[in-house]
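Let me begin by presenting the structure, written as structure tokens, before commenting on it.
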Amino acid sequence: MKTVILEIDPRTPNLTEHPGIKEAGAILRAGGLVAFPTETVYGLGANGLDAEAVKGIYRAKGRPSDNPLILHIVEAAALEELVLQVPEQARLLMERFWPGPLTLIFRKRPHVPDEATGGLNTVAVRMPSHPVARAIIAAAQVPVAAPSANSSGRPSPTVAAHVIRDMDGRVEMIVDGGPCEVGVESTVLDLTGEVPVLLRPGGVSFEELQAVLGEVQLDVGVADSRLDQNFAPKSPGMKYRHYSPEAELMIVEGEPAQVREKLAALIQETDKRLGLLATREMVEGLNQYLAQVSVKVLGSRADLEEAAAQLFKLLREFDEEEVDLIIAEGLPLQGIGLAVMNRLRKAAGYQIMRV
Ligand code: TXA
Ligand code: MG
């Protein structure tokens with residue numbers, strides 16, 4: 001398949017009138033696949049109410065078809081058509097965080113196809129804020145099912161070049177709207193039980209959810225990785241193979257001074273080709289040891305948003321290099337740090353050294 005690659009500046013006025021956006025909408029309505037930017041990561045979209053179109057997503061990604069997808073909408077009215085009931089908690093969250101990086105799980109209406117929900121009786125819905133995503137979904141006039149636009153097992157794409165690398169020739173269109181602002185995927189919150197459960201930390205933090213809802217439970221996978229313990233993932237959503245880099249990846253977690261000592265020792269001990277993924281402050285503190293090391297700066301310790309925005313891109317860069325071992329600095333678990341560390345720990349296969 002010949003993939004059309006289209007650049008669209010998100011600041012373009014009247015995006016809904018843009019011919020490229022109209023074409024993207026028409027492709028989606030006709031059952032085709034369009035990759036597009038969102039504020040979190042690039043998504044690989046299909047008509048979420050068309051079972052055949054949704055199957056195309058799994059084919060293009062090489063993803064197991066029982067892993068459920070998120071339906072993307074642009075108006076709250078579209079939600080009522082997908083779900084049986086909108087709980088009061090959801091209304092509070094929508095008011096505060098939509099449009100934005102928060103995905104909510106509801107009980108689904110029967111016409112939402114099993115292909116989109118992995119056969120579950122629940123459905124994940126999100127209203128993105130990215131202008132290009134919104135214009136495309138509006139043009140499609142259907143809820144758009146969209147997982148991250150990477151091939152299964154690769155890091156989520158945060159720039160169009162990553163999408164092109166993974167999806168060129170597999171989808172009808174890739175829309176390049178520049179880099180994604182948040183850089184990690186949306187927060188996924190299950191609202192179908194008595195107490196809301198955080199299934200995946202993301203762009204909206206656990207603390208922000210607690211401030212609105214009071215009690216929020218952490219799904220076992222998230223909870224265990226929040227408590228400073230080693231653990232083997234056991235919740236069903238975590239059974240899929242997650243991205244892990246070609247090189248071995250190990251995280252050193254603890255107070256910065258001790259982490260620095262440990263990283264310095266590791267760098268001096270090893271004869272492997274090393275990569276270092278660390279904050280600017282840590283890299284400065286290690287400067288004297290770094291001559292032979294491939295260094296990637298994960299933002300500043302004081303600005304974890306920057307770390308989130310860089311993480312997947314830097315992991316992809318390490319994959320392009322021939323390092324044998326990547327050592328990473330563990331970051332604080334507050335705010336978006338929880339999402340960053342959740343992804344990093346998965347990528348490391350939970351190889352964590354605590355100091
Ligand atoms: O930021 C994002 O959420 C991006 C952009 C493109 O919107 N999308 C994304 O989709 O990350 P995906 O498919 O890579 O991740 C969806 C997550 C998975 O962890 C999936 O298991 C969970 O949402 N999920 C979807 N539907 C669910 C459901 N009904 N019950 C529980 N978890 C669900
Ligand atoms: Mg994904």
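Whatever order the structure lists them in is the order used to number ligands and atoms, beginning at 1.
The heavy atom nearest to atom 9 (C) of ligand 1, out of those in Ser148, Gly202, Ala124, Pro157, is found in Ser148. Checking Arg200, His130, Arg126 against atom 11 (O) of ligand 1, the nearest heavy atom belongs to Arg200. Checking Gly43, Ala133, Pro68 against atom 20 (C) of ligand 1, the nearest heavy atom belongs to Pro68. Relative to atom 21 (O) of ligand 1, the option among Val197, Leu189, Leu199, Asn67 with the closest non-hydrogen atom is Asn67. Among Pro147, Pro101, Gly119, the residue whose heavy atom sits closest to atom 10 (O) of ligand 1 is Pro147.
Taking only nitrogen or oxygen atoms, main chain and side chain alike, Thr117 does not reach within less than 3.5 Å of ligand 1. Checked against a 3.5 angstrom limit, the closest N/O atoms of Thr40 and ligand 1 fall inside it.
For ligand 1, the atoms sitting less than 4.0 Å from at least one non-hydrogen atom of Thr122 are 28 (C), 29 (N), 30 (N), numbered in the order shown with element in parentheses. Each of the atoms 1 (O), 2 (C), 11 (O) of ligand 1 lies under 4.0 Å from some heavy atom of Glu185. Within ligand 1, counting atoms from 1 as listed, the ones closer than 4.0 Å to a heavy atom of Leu69 are 25 (C), 26 (N). Distances below 4.0 Å separate heavy atoms of Ile105 from the following atoms of ligand 1: 27 (C), 28 (C), 29 (N), 30 (N), 31 (C), 32 (N), 33 (C). Residue-ligand proximity, Ile70 to ligand 1, at heavy-atom distances under 4.0 Å covers atoms 3 (O), 8 (N), 9 (C), 10 (O), 16 (C).
Sorted by chain and number, the protein atoms of type N, O or S within less than 2.8 Å of the Mg ion (ligand 2) are Ser148 OG.
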- Task: Determine, step by step, whether Arg107 and Gln85 satisfy the side chain to side chain contact (heavy atoms under 4.5 Å, CB included) criterion, reporting the C-alpha distance in whole Å, the side-chain angles of both residues, the deciding distance to 0.1 Å, and the verdict.
- Result: CA-CA 7 Å; Arg107 296 196 189 286; Gln85 195 213 344; over 6 Å; no

- Report the C-alpha separation of Arg200 and Thr103 in whole Å, then their side-chain angles, then the decisive distance to 0.1 Å, and conclude whether the side-chain hydrogen bond (donor to acceptor under 3.5 Å, both in side chains) test is met. CA-CA 9 Å; Arg200 178 176 76 181; Thr103 296; 5.1 Å; no

- Message: Run Asp319 and Arg165 through salt bridge (Lys or Arg N to Asp or Glu O under 4.0 Å) and show every step you take.
- Response: CA-CA 13 Å; Asp319 273 346; Arg165 200 191 140 144; over 6 Å; no

- Message: Evaluate Val323 against Val293 for side chain to side chain contact (heavy atoms under 4.5 Å, CB included), listing each step before the verdict.
- Response: CA-CA 9 Å; Val323 296; Val293 179; over 6 Å; no

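Taking 4.0 Å as the cut-off between side-chain N and carboxylate O, Glu185 and Arg126 do not count as a salt-bridged pair. For the pair Arg273 and Glu321, the salt-bridge criterion is not met [side-chain N within less than 4.0 Å of a carboxylate O]. Between Arg260 and Glu281 there is no salt bridge, since no side-chain nitrogen of the basic residue lies less than 4.0 Å from a carboxylate oxygen of the acidic one. The residues Arg91 and Glu80 are annotated as salt-bridged, a charged nitrogen and a carboxylate oxygen being separated by less than 4.0 angstrom.
Exactly one residue among Val171, Asn47, Leu28, Ile174 makes a side-chain contact (heavy atoms from CB on, under 4.5 Å) with Leu33. That residue is Val171.
Distances from ligand 1 to the non-hydrogen atoms of Arg63 include at least one value under 4.0 Å.
Checking Thr279 against Glu329 by side-chain atom types alone, a donor-acceptor pair falls below 3.5 Å.
The nearest pair of heavy atoms linking Asp219 to Val197 is N-CG1, 3.7 Å. The two residues Leu304 and Val340 make their nearest non-hydrogen contact at O-CG2, 4.4 Å.
In Leu120, the part holding a heavy atom less than 4.0 Å from any atom of ligand 1 is the side chain. Under 4.0 angstrom from ligand 1, the non-hydrogen atoms of Ala146 all belong to its backbone.
Residues Leu84 and Val123 do not share a hydrophobic cluster, defined by chaining ILVMFWY side chains whose heavy atoms lie under 4.5 Å apart.
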